[in-house]
Engineer: 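Here it is: the structure, laid out below.
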Amino acid sequence: FFWKFFGRHVKDCTFLGVEASPFGNPSAFRVGHDVVIPGFTPWQDVIDEVRAEHHQRNILLHFRGRPWGKVRKHIFRHIRPAQDTLVDADSLYALGGENRCANRMDAREYFRELHRSVFCLCPAGWTPWSKRFYESILCGAIPVLIPGTFVPPFRSQIDYAQCSVIITMAELPRLQSILRSLSADRVKHMLMEVDRVRQHFIWHERSVKGDAFDLVMQDLADAISD
């Protein structure tokens with residue numbers, strides 16, 4: 001009802017949102033008119049500090065989170081433990097959100113895990129988008145996506161085939177073997193692309209060329225001109 005109301009009464013407005021399917025209602029988003037923007041990722045200063053440290057990428061695949069939603073419940077059923085895989089239902093770290101307290105040291109350790117990881121699984125939670133998609137890129141890990149209704153931002157400006165891995169639900173049980181089958185050159189290229197595009201997902205207090213705000217303004221200008 002909420003989105004239908006706005007659709008009827010604010011037809012000439014362009015909506016900015018983190019999802020192209022708000023509240024599971026794809027009709028609320030008008031492709032070519034509304035704009036998907038990156039979710040804000042807190043702890044940017046901590047992420048920058050962690051990235052300045054030297055960490056060997058010795059975790060092949062990372063996912064830490066609770067098994068809620070339609071997708072996540074299958075992760076722990078199909079992905080088998082391995083020495084270089086960190087897939088854990090224990091949230092472990094106090095990162096804030098959902099009325100929970102945040103702990104700076106916990107955030108540092110969590111982002112260290114991501115910085116040590118080559119790939120980060122970014123499944124949907126209760127909603128189509130996941131903050132892990134942005135956290136993984138900001139920490140330099142390659143996001144692994146399972147197609148759904150999540151639409152990443154800046155698709156006209158970023159070739160996500162070069163900096164992410166997309167699998168189907170049917171491929172989930174074989175995910176580790178799929179990732180291990182990628183050549184070292186391919187993985188190196190993807191890591192370089194992740195590093196190249198990461199600036200596009202950072203919200204600065206004062207916008208700089210190529211950051212999230214700058215690209216949102218470019219997308220907004222394109223939407224208005226169309």
Side-chain angles (χ1 to χ4, degrees), residues 10 12-22 28-55 57 62 95-97 102 104 107-108 110-120 122 127-145 149-166 185-226:
V10 204
D12 294 331
C13 289
T14 295
F15 285 100
L16 310 181
V18 294
E19 294 182 351
S21 180
F29 186 90
R30 296 159 295 178
V31 177
H33 187 86
D34 297 326
V35 176
V36 176
I37 66 174
F40 174 73
T41 304
W43 307 107
Q44 186 60 55
D45 59 332
V46 175
I47 293 174
D48 290 341
E49 291 170 6
V50 168
R51 283 178 54 84
E53 301 171 357
H54 175 70
H55 294 290
R57 291 194 183 276
H62 181 281
L95 303 178
R104 188 177 182 85
R108 187 182 303 278
Y110 171 70
F111 292 125
R112 278 175 176 156
E113 285 184 358
L114 287 180
H115 194 226
R116 291 169 47 212
S117 303
V118 180
F119 299 96
C120 176
C122 306
T127 58
W129 82 293
S130 169
K131 65 179 181 179
R132 283 171 183 78
F133 175 75
Y134 302 108
E135 290 173 344
S136 65
I137 292 177
L138 293 176
C139 290
I142 301 167
V144 178
L145 302 173
T149 55
F150 170 61
V151 176
F154 315 138
R155 287 185 298 166
S156 64
Q157 304 176 68
I158 296 176
D159 183 0
Y160 284 102
Q162 301 301 316
C163 58
S164 63
V165 173
I166 300 175
D185 286 343
R186 177 61 178 163
V187 172
K188 181 179 179 181
H189 170 77
M190 296 177 76
L191 287 170
M192 291 175 61
E193 282 297 299
V194 167
D195 192 58
R196 185 182 68 82
V197 304
R198 71 180 298 271
Q199 63 171 326
H200 302 325
F201 303 100
I202 299 175
W203 295 94
H204 292 102
E205 184 175 351
R206 291 176 178 267
S207 178
V208 300
K209 184 175 177 58
D211 71 356
F213 183 82
D214 184 40
L215 265 67
V216 166
M217 290 298 100
Q218 293 181 41
D219 272 2
L220 187 57
D222 291 341
I224 294 174
S225 64
D226 289 344

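In this text the structure is predicted, and so the values were computed from the model without any measurement.
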Engineer: Per the salt bridge (Lys or Arg N to Asp or Glu O under 4.0 Å) rule, what does the pair list look like for residues 152-164, sequence neighbours excluded?
Structural biologist: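 Every candidate salt bridge (Lys or Arg N to Asp or Glu O under 4.0 Å) pair involving residues 152-164 fails, so no pair, neighbours aside, qualifies.
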Engineer: State which residues pass side chain to side chain donor-acceptor pair (under 3.5 Å) with H62; sequence neighbours excluded, sorted by chain then number.
Structural biologist: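 E113.
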Engineer: Does F119 have any ring pair (Phe, Tyr, Trp, His ring centres under 6.0 Å) partners at least two apart in sequence or in another chain, and if so, which?
Structural biologist: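 Testing F119 for ring pair (Phe, Tyr, Trp, His ring centres under 6.0 Å), a comparison that skips the adjacent residues, returns none.
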Engineer: Considering residues at least two apart in sequence or located in another chain, which fulfil the salt bridge (charged side-chain N to carboxylate O under 4.0 Å, His left out) criterion with R57?
Structural biologist: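 Expected list: none.
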Engineer: Under the rule for ring pair (Phe, Tyr, Trp, His ring centres under 6.0 Å), what residues qualify as partners of H189, not counting sequence neighbours?
Structural biologist: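 Result, ring pair (Phe, Tyr, Trp, His ring centres under 6.0 Å) vs H189: none returned.
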Engineer: List the residues meeting salt bridge (charged side-chain N to carboxylate O under 4.0 Å, His left out) with R112, not counting sequence neighbours, and say none if there are none.
Structural biologist: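 Listed in chain order: E53, E109.
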Engineer: Residues two or more places apart in sequence or in another chain: which of them pass side-chain contact (heavy atoms from CB on, under 4.5 Å) with V18?
Structural biologist: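 If we apply the side-chain contact (heavy atoms from CB on, under 4.5 Å) test to V18, skipping adjacent residues, the hits are I37, W129.
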Engineer: Using side chain to side chain donor-acceptor pair (under 3.5 Å) as the criterion, list what pairs up with Y110, not counting sequence neighbours.
Structural biologist: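 Once residues adjacent in sequence are excluded, the partners of Y110 under the side chain to side chain donor-acceptor pair (under 3.5 Å) criterion are E135.
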Engineer: According to salt bridge (charged side-chain N to carboxylate O under 4.0 Å, His left out), who are the partners of D185, at least two apart in sequence or on a separate chain?
Structural biologist: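 Not a single residue meets the salt bridge (charged side-chain N to carboxylate O under 4.0 Å, His left out) criterion with D185.
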Engineer: If you look only at distance, which donor and acceptor atoms sit under 3.5 Å apart when one is on a side chain in residues 209-218 and the other is two or more places apart or in another chain?
Structural biologist:
| residue | atom | partner | partner atom | Å |
| --- | --- | --- | --- | --- |
| D211 | OD1 | S207 | OG | 2.9 |
| D211 | OD1 | F213 | N | 3.4 |
| D211 | OD1 | D214 | N | 3.0 |
| D211 | OD2 | H204 | ND1 | 3.1 |
| D211 | OD2 | S207 | OG | 3.3 |
| D211 | OD2 | V208 | N | 3.0 |
| D214 | OD2 | G210 | N | 2.7 |
| D214 | OD2 | Q218 | NE2 | 3.3 |

Engineer: Mind checking side chain to side chain donor-acceptor pair (under 3.5 Å) for R198 and listing every partner two or more places apart, or none if nothing turns up?
Structural biologist: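 None.
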Engineer: Can you list the residues that meet the side chain to side chain donor-acceptor pair (under 3.5 Å) rule with E193, with sequence neighbours excluded?
Structural biologist: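 Partners of E193 under the side chain to side chain donor-acceptor pair (under 3.5 Å) test: R196.
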